[in-house]
There are 2 protein chains.
Amino acid sequence: MTKTMKISEAVVRRLPVYLRFLNELHKKNVQTVSSQDLGQKLDLNPAQIRKDLAYFGEFGKKGIGYDVDYLIEKIRQILKLDKVIPVALVGAGNLGRALCNYNAYLKDNMKIVAVFDALSNKVGESINNLKVKPMQELCPTIKELNVRIGIITVPAAEAQSVANQFVESGVEAILNFAPIIIKVPNEIRVHHADFTTELQSLAYYLD
Amino acid sequence: MTKTMKISEAVVRRLPVYLRFLNELHKKNVQTVSSQDLGQKLDLNPAQIRKDLAYFGEFGKKGIGYDVDYLIEKIRQILKLDKVIPVALVGAGNLGRALCNYNAYLKDNMKIVAVFDALSNKVGESINNLKVKPMQELCPTIKELNVRIGIITVPAAEAQSVANQFVESGVEAILNFAPIIIKVPNEIRVHHADFTTELQSLAYYLD
DNA sequence: TAGATTGTTAATCGATTAACAATC
DNA sequence: TAGATTGTTAATCGATTAACAATC
């Protein structure tokens, strides 16, 4: 079924979750896993997991399940994590620093290769072996390092301007942590990762 | 339509987005807003916005739109943000510190009132006027301060244990930043805010 | 009154789940 | 062979969007 076909966002968002758990199984030397097992651990319906994977190919064996290592390889390919993806981050505040230091965890081929900040007292600081650069260097650096994804961790007031600069520099996708909806051309993908929204929607479920 | 009725998660997640934008309008002294305006700014269908709000009451005026201040008040009530909600955080690493310092932004009545860490060298540190406490004090402190929401910013390996302690202490909802699915009793609400997942699903959309 | 915009019903669209033949 | 589990179709469920009468 590897045809061209719009895969729903919900499916795409589950793939990294599968990948993460498969990586754990790999570390534990588990060879094989069934959709049943996966579903139980990830709180998902097994049929859904099988269907998700089947959009991209026939990765399992009937009566057996999925080979862990093979499935890891396949999901990495699907998510384009089979080669290193250079990422840039703007906003060397607390959150930005946290994400940079997480770099180690971003093993699956995501690598923050440049950090920028508008404040001159931040510029030149070292974060996880990266020197913070001034905003003027954003565009040339992004082009030079072939950065494909941009992360925004600046205050809301500056987020749109940073997004514009990312777009002009040729970034293809943006992860925005600022609490504001940023507008970009259709061909650029934006994900919003705003934890105040997350926290406030949690409050609804309090008794 | 203020009946008891299961409101879908998708609806609840949009409410904080509305609230945030309405707060902006309020600051600009805008009196009234239509679902049309809202939809355009937030990239949502106007009909959807009207429907979302209509689950909770009749907040608009036909031919006019919604009174900004009144709608803010109503959404705050719906999200239970009309009184202060005490929040606790475990894990005083980079991410934890970032969230604590964000406290200022959490104006809408979410307040981090306690921070914990398992490492003795972290304990006693001051973050945003809060002293980091050792894990043994988690349960008594949470009960004393009536903490209702817990935030987890520890490594994946410790996240489940922290969640268990939150649950035992009487926390009602958890926001988990650790890259692992944590298991809790049904009556506890958990939201996962894992940015590696977010970043990896972005990669899918690269050309 | 004419124009605008809500609240709500009906229509559409899409995603999840159940069921089962195929097969390891 | 008997048991397990996939891939996939069909059934269900739920969410989004369109349309429009009500009304400010």
Side-chain angles (χ1 to χ4, degrees), chain A residues 1-15 17-18 21-22 25 30-75 78 181 201 204, chain B residues 1-15 17-18 21-22 25 30-75 78 181 201 204:
Chain A
M1 202 189 251
T2 331
K3 301 261 202 70
T4 348
M5 175 184 201
K6 282 143 262 129
I7 303 295
S8 93
E9 202 178 309
V11 174
V12 174
R13 281 176 180 280
R14 282 190 293 267
L15 294 178
V17 179
Y18 301 156
F21 184 65
L22 289 164
L25 291 179
V30 177
Q31 307 281 316
T32 289
V33 69
S34 68
S35 60
Q36 195 69 225
D37 299 343
L38 281 170
Q40 212 193 323
K41 289 296 183 175
L42 302 176
D43 275 338
L44 295 170
N45 183 301
Q48 182 170 64
I49 294 174
R50 293 200 299 279
K51 200 157 200 280
D52 283 355
L53 296 173
Y55 283 120
F56 303 99
E58 305 196 358
F59 302 145
K61 284 208 180 22
K62 295 186 168 120
I64 310 280
Y66 300 89
D67 182 274
V68 171
D69 288 2
Y70 181 68
L71 194 52
I72 287 175
E73 191 193 325
K74 284 302 176 185
I75 295 182
I78 295 163
I181 308 288
S201 69
Y204 175 81
Chain B
M1 201 188 251
T2 330
K3 301 263 203 65
T4 346
M5 172 182 203
K6 283 144 259 130
I7 303 295
S8 93
E9 201 177 313
V11 174
V12 175
R13 281 177 180 280
R14 282 190 294 268
L15 294 178
V17 179
Y18 301 156
F21 184 65
L22 289 164
L25 291 178
V30 177
Q31 307 281 315
T32 288
V33 68
S34 68
S35 60
Q36 196 69 226
D37 300 342
L38 281 169
Q40 213 194 322
K41 290 295 184 176
L42 303 176
D43 274 337
L44 295 170
N45 183 302
Q48 183 171 64
I49 294 174
R50 292 201 297 279
K51 201 159 198 283
D52 283 355
L53 296 173
Y55 283 119
F56 303 98
E58 305 195 0
F59 302 145
K61 283 207 183 20
K62 294 185 169 123
I64 310 280
Y66 299 91
D67 182 273
V68 170
D69 288 2
Y70 181 68
L71 194 52
I72 287 176
E73 190 193 325
K74 284 302 175 184
I75 295 182
I78 295 163
I181 308 288
S201 68
Y204 174 82

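So that the names make sense, note that chain A is the first sequence line, chain B the second, and so on, each numbered from 1. These figures come from a predicted structure and were not determined experimentally.
Between B:Thr32 and B:Val68, the closest side-chain pair of non-hydrogen atoms is not below 4.5 Å. The shortest distance between side-chain heavy atoms of A:Leu71 and A:Leu53 falls below 4.5 Å. Using a 4.5 Å cut-off on side-chain heavy atoms (C-beta onward), A:Phe56 and A:Ile75 make no contact. No side-chain heavy atom of B:Gln31 sits less than 4.5 Å from a side-chain heavy atom of B:Tyr66. No side-chain heavy atom of B:Asp52 sits less than 4.5 Å from a side-chain heavy atom of B:Leu44. A 4.5 Å side-chain heavy-atom check between B:Ile7 and A:Tyr204 finds at least one atom pair inside the cut-off.
Taking atom CZ of residue A:Phe59 and atom P of nucleotide D:dT8, one finds them 11 Å apart after rounding to whole Å. Rounded to an integer number of Å, the gap from B:Asp67 CG to C:dT6 C1' is 14 Å. To the nearest angstrom, P of C:dG7 lies 6 Å from CD of B:Glu58. Rounded to whole Å, the distance from CG on A:Asp37 to P on D:dT6 is 8 Å. Taking atom NZ on B:Lys62 and atom P on D:dT23, their separation rounds to 5 Å, with Å as the unit. Summarising the geometry, the separation between CZ on B:Phe56 and P on C:dT6 is reported as 17 Å, rounded to the nearest angstrom. The NZ-P distance, from A:Lys61 to D:dG7, rounds to 10 Å in whole Å. Taking atom CG of residue B:Leu53 and atom C1' of nucleotide C:dG7, one finds them 11 Å apart after rounding to whole Å.
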Report, one pair per line, the protein and nucleotides 14-17 of chain D atoms (nitrogen or oxygen only) whose separation is under 3.5 Å.
residue : atom : partner : partner atom : Å
D:dT16  : OP1  : B:Arg14 : NH1          : 3.1
D:dT16  : OP2  : B:Arg14 : NH2          : 3.2
D:dT16  : OP2  : B:Gln48 : NE2          : 3.3
D:dT16  : O5'  : B:Gln48 : NE2          : 2.9

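The shortest heavy-atom contact between A:Ser35 and A:Arg50 is OG-NH1, 3.0 Å.
Side-chain nitrogen and oxygen atoms of B:Arg50 include at least one within less than 4.0 Å of the OP1 or OP2 phosphate oxygen of C:dT6. Close to D:dT6, at under 4.0 Å from its OP1 or OP2, lies a side-chain N or O of A:Ser35. Of the side-chain N and O atoms in A:Tyr66, none sit less than 4.0 angstrom from OP1 or OP2 of C:dC24.
Taking a 6.0 Å sphere around CD of A:Gln40, one finds it holds 12 or fewer heavy atoms contributed by other residues, nucleotides or ligands.
In summary, the side chains of B:Ser201 and A:Arg13 do not present any donor paired with an acceptor at a separation below 3.5 Å, with no hydrogens or angles considered.
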Practice problem: Go ahead and write out DNA chain C as dot-bracket, 5' to 3': ( ) for pairs within the strand, [ ] for ones crossing earlier pairs, | when the partner sits on another strand, dots for unpaired; Watson-Crick or G-U wobble, both distances under 3.5 Å. | Solution: ..||||||||||||||||||||||
